[in-house]
Amino acid sequence: MHVSGNNNGMIFTLLLAFLLGFFAWFISTLAAGGAATLLIPIIALSHFAFATAPIITVAALVANPTRVLAFYPHIHWPIAYRLMLGSALGGALGAWFLVQLPLNLLKILIALFLISTVFQYRFGQKRQSFAMPLMAFAPLAAVVAFVSGVIGGSGPVLNPFLLNAGLEKEALIATKSINSLFMQLVKLLTYGLVGLLTFEISSLGLAIGLGGALSVFAAKRHLAHINHAKFQQYTLILMVIAGSIMLFTTLLDSLA
């Protein structure tokens, strides 16, 4: 994903970004999040590794309105309001502290939590693994949004909590999407204030986001043909994959 000095290089990079966005958001729509986690290691290997978090934030801000519109009737507003309240504070703080925190330990802890979910749910045999009270969503969202502001994305982390609150399929995706849209807006404003947005970074994020927006319709069509048990399996598989990718790339980075 390196941009050369000529127009052909820019066009190729933006086309590749569009295709990556389509793939990442298709998978993440079916499994309730994880687009950022799939994209982080790819962007980290590119010329834009230093701007991974702002790029993904721009992409999500472009792609997520489509997902919100597609699933809007299914939003669980009592949870969504609390998530957005916590995300407003956590997202701004995370984006502000992006360049000031050691990230590897944080990434390892998140990765281990994601991998552990498959055991919490006994490989998909359990429907819920712990009780999730409604009032806990605001502080939870603040922590998750802070992490997202620092490393670029942490979408799958919310999944076990939403599943344990009883949200199913479209309701889970819709509620996460409205919260994510709000959180990404807060993060984008903060990145702009601290000078982390440039034309190239914004263009790359826009291309990824447009690919993601287009993929939502294809993913929604497939989602309508699966039951909640299959959806939960998709979600657990993606959390394990996302956690494994994050753990592997973080350990490699630590050894470098």
Side-chain angles (χ1 to χ4, degrees), residues 1-29 33-70 84 87-101 103 107 144-155 176-217 249:
M1 295 177 65
H2 175 75
V3 177
S4 66
N6 56 54
N7 290 335
N8 289 337
M10 174 65 82
I11 291 172
F12 175 78
T13 299
L14 294 178
L15 178 60
L16 178 59
F18 178 89
L19 294 174
L20 288 172
F22 184 96
F23 171 77
W25 256 269
F26 181 84
I27 297 298
S28 74
T29 299
T37 310
L38 295 173
L39 290 170
I40 284 171
I42 299 173
I43 299 175
L45 294 173
S46 75
H47 177 64
F48 293 97
F50 69 96
T52 299
I55 288 170
I56 290 175
T57 295
V58 173
L61 199 57
V62 174
N64 284 347
T66 303
R67 191 182 285 174
V68 170
L69 289 174
M84 288 188 285
S87 293
L89 176 62
L93 287 176
W96 187 267
F97 284 103
L98 171 64
V99 295
Q100 303 179 44
L101 292 176
L103 305 183
K107 289 181 179 179
V144 173
F146 178 84
V147 171
S148 179
V150 172
I151 69 175
S154 57
K176 277 191 65 178
S177 296
I178 190 70
N179 173 65
S180 178
L181 179 61
F182 181 75
M183 179 178 65
Q184 303 301 346
L185 180 59
V186 172
K187 286 163 55 181
L188 187 69
L189 291 173
T190 309
Y191 290 141
L193 289 174
V194 298
L196 290 175
L197 293 177
T198 66
F199 176 77
E200 283 189 326
I201 289 171
S202 300
S203 298
L204 193 58
L206 178 62
I208 294 172
L210 289 174
L214 185 62
S215 76
V216 170
F217 298 103
T249 55

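- The CH2 atom of W25 lies 10.5 Å from the CG atom of L20; values are rounded to the nearest 0.5 Å.
- In terms of the side-chain contact (heavy atoms from CB on, under 4.5 Å) criterion, residue partners of L197 (sequence neighbours excluded) are, by chain and number, P54, V58, L188, Y191, I201, S202.
- S46 contributes atom OG, which lies 6.0 Å from atom CD1 of I55 (distance to the nearest 0.5 angstrom).
- Interatomic distance, F48 CZ to T198 OG1, rounded to the nearest 0.5 Å: 7.0 Å.
- With F18 as the fixed residue, the side-chain contact (heavy atoms from CB on, under 4.5 Å) test singles out one of T13, I208, L214: L214.
- When all heavy atoms are compared, the tightest approach of A88 to V186 is O-CG1, 3.5 Å.
- Smallest separation of non-hydrogen atoms from A24 and A35: O-CB, 3.8 Å.
- Taking the side chain to side chain donor-acceptor pair (under 3.5 Å) definition, one finds that S215 meets it with nothing, sequence neighbours left out.
- The side-chain contact (heavy atoms from CB on, under 4.5 Å) search around S180 returns N64, Q184, not counting sequence neighbours.
- Residues forming a side-chain contact (heavy atoms from CB on, under 4.5 Å) with V62 (at least two apart in sequence, or on another chain): L206, L210.
- Applying the side chain to side chain donor-acceptor pair (under 3.5 Å) rule to S87 yields the partners N179; only residues at least two apart in sequence or on another chain are considered.
- Listed here is the closest heavy atom pair of T29 and R67: OG1-NH2, 2.9 Å.
- With sequence neighbours excluded, the residues forming a side-chain contact (heavy atoms from CB on, under 4.5 Å) with L89 are L93, listed by chain and number.
- Closest of all the heavy-atom pairs between A63 and A213 is CB-N, 3.7 Å.
- The CD1 atom of I56 lies 4.5 Å from the CD1 atom of I43; values are rounded to the nearest 0.5 Å.
- A distance of 12.0 Å separates CE in M183 from CD1 in I178, rounded to the nearest 0.5 Å.
- Taking every heavy atom of both residues into account, A207 and L14 meet most closely at CB-O, 3.5 Å.
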